[in-house]
Amino acid sequence: MKIVLQNLTKKFPSRSKKSPGEVIAVNDFTFEIPDGKLIGLLGPSGCGKSTALNLICGLQKPTEGKIFFGEDDVTNLPPEHRGVGLVFQSYALYPHLTVLKNITFPLENLRGADKLSKEEMEKRALEAAKLVQLEGLMDRKPSELSGGQQQRVAIARALVKTPRVLLLDEPLSNLDARLRLQTREEIRRIQRQTGVTTIFVTHDQEEAMSISDMIVVMKEGVVQQIGKPQEVYDNPVNLFVAKFLGTPPINIFQGRVSHGRLYIGQESILSLHDTPNGEVTVGIRPEGFILQQDGPLTCGLTRVEVMGRDISVVSTHPCAENPSIRSIINAENMVDPEAKTVRFALKPHKLYLFHPQTGERIPFTPE
Ligand code: ADP
Ligand code: MG
């Protein structure tokens with residue numbers, strides 16, 4: 001089932017005395033979520049991710065705009081008639097009920113023609129439990145399960161009514177690092193297996209990048225960029241997106257274009273075609289640095305961290321935004337840890353220019 005959002009906007013009255021007026025939590029969303037895909041809705045805390053999800057499932061009404069599931073306009077449909085499965089950060093299981101009873105719970109309320117027999121309910125619960133590999137634990141209570149298992153019960157409960165759309169709001173945030181990794185792979189597998197159109201909300205870029213077919217990057221209620229994770233990483237439209245994606249993060253420098261050359265400080269680090277003279281913000285991905293004895297960019301060497309396959313060179317530069325610059329270099333290269341400075345050449349496709357005020361990307365052609 002594809003989902004179409006048309007000029008979707010949600011405004012809340014501001015509760016702050018300092019800035020009265022309205023908070024625009026979701027601002028003019030217009031995009032299509034293709035059938036059967038997993039979409040990562042990504043952005044910092046407070047950017048409107050949960051509000052967007054609540055609009056899609058019907059827990060909140062939009063101020064403006066429309067929502068379609070396939071060809072159906074569901075904008076005014078109550079949540080229980082939309083056919084959405086919901087999973088939240090808190091598992092919200094009933095502690096006194098068994099896993100089986102927790103999973104069958106949404107089926108108990110079906111009335112009229114949809115009403116199911118006890119046997120049918122248990123059959124469906126078992127199918128959902130098998131999807132999340134919990135079929136052996138049906139008689140346990142939530143307190144007898146790990147956090148990861150509890151979240152899988154919540155996922156089975158969301159799937160038991162075979163929803164048209166699955167919505168997950170930061171579902172992994174309560175899990176420890178190892179379980180988070182395992183459960184996110186599990187969610188990816190279940191999504192592939194069921195083919196249900198899924199929206200996965202997270203503030204964790206690595207999480208979103210690793211499991212999504214497509215990511216939607218948001219800032220302050222406004223969609224910044226939509227695309228395949230690698231495309232967005234390789235081709236950020238602005239400084240915000242470039243900074244938000246990637247670990248270690250992109251390194252930012254104050255730079256200047258003058259007569260076809262890009263300068264950082266006094267050093268000319270790249271020749272460019274057709275870029276007008278002026279101040280620019282330069283972003284260089286950690287993997288964009290090449291160790292080179294006579295390289296054009298000279299940095300102060302802080303330390304070298306050996307990480308097996310790669311080494312991480314931590315350095316400084318007076319024009320860098322952050323106190324340390326992180327570059328990731330193949331471990332076959334040698335760095336003298338006693339040296340005072342380190343020099344780099346740069347990979348042009350890992351270097352980006354941005355407008356120093358607006359943060360918009362400035363395209364350039366390297367020579
Ligand atoms: P996220 O899930 O990305 O952290 P939210 O969607 O929860 O963000 O919130 C987006 C913005 O809307 C925030 O500024 C938040 O304070 C505001 N907001 C969310 N819900 C309400 C509400 N019920 N009333 C007023 N403001 C709200
Ligand atoms: Mg939220």
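Position 1 is the first residue of the sequence, and the numbers go up from there. No experiment lies behind these values; they were computed from the predicted model shown. Whatever order the structure lists them in is the order used to number ligands and atoms, beginning at 1.
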Heavy-atom contacts with Val23 under 4.0 Å: which atoms of ligand 1 show up? List them by number with element.
12 (O), 14 (O)
Ala25: numbered ligand 1 atoms lying under 4.0 Å from its heavy atoms
10 (C), 11 (C), 12 (O)
Taking Leu53 as the starting point, is it possible to reach Val196 by hopping between hydrophobic residues whose side chains are less than 4.5 Å apart?
no
Step by step, work out the side chain to side chain donor-acceptor pair (under 3.5 Å) result for Gln191 and Arg188.
CA-CA 5 Å; Gln191 196 276 330; Arg188 175 81 257 204; 2.9 Å; yes
Min heavy-atom dist Ser45 to ligand 1 below 4.0 Å:
yes
In terms of residue, atom name and distance, what is the protein heavy atom nearest to [atom]?
| atom | answer |
| --- | --- |
| atom 8 (O) of ligand 1 | Gly48 N, 3.2 Å |
| atom 1 (P) of ligand 1 | Gly46 N, 3.4 Å |
| atom 27 (C) of ligand 1 | Phe12 CD1, 3.3 Å |

Sub-3.5 Å donor-acceptor pair from the side chain of [X] to the main-chain atoms of [Y], do we have one?
| X | Y | result |
| --- | --- | --- |
| Asn277 | His259 | yes |
| Glu279 | Gln254 | no |
| Ser327 | Phe289 | no |

With Arg184 as the cation and Phe200 as the aromatic partner, state whether NZ or CZ is under 6.0 Å from the six-membered ring centre and within 45° of the axis.
no
Given Ser14, Ser50, Pro13, Gly221, which has its nearest heavy atom closest to atom 2 (O) of ligand 1?
Ser50
N/O/S from Ser50 sitting under 2.8 Å away from the Mg ion (ligand 2):
yes
How does Thr51 reach ligand 1, if at all, at less than 4.0 Å between non-hydrogen atoms: by side chain, backbone, both, or neither?
both
In short, Gly148 meets Leu179 closest at the heavy-atom pair N-CD1, 3.7 Å
Under 4.0 Å and counting heavy atoms only, is there anything from the protein next to atom 25 (C) of ligand 1?
yes
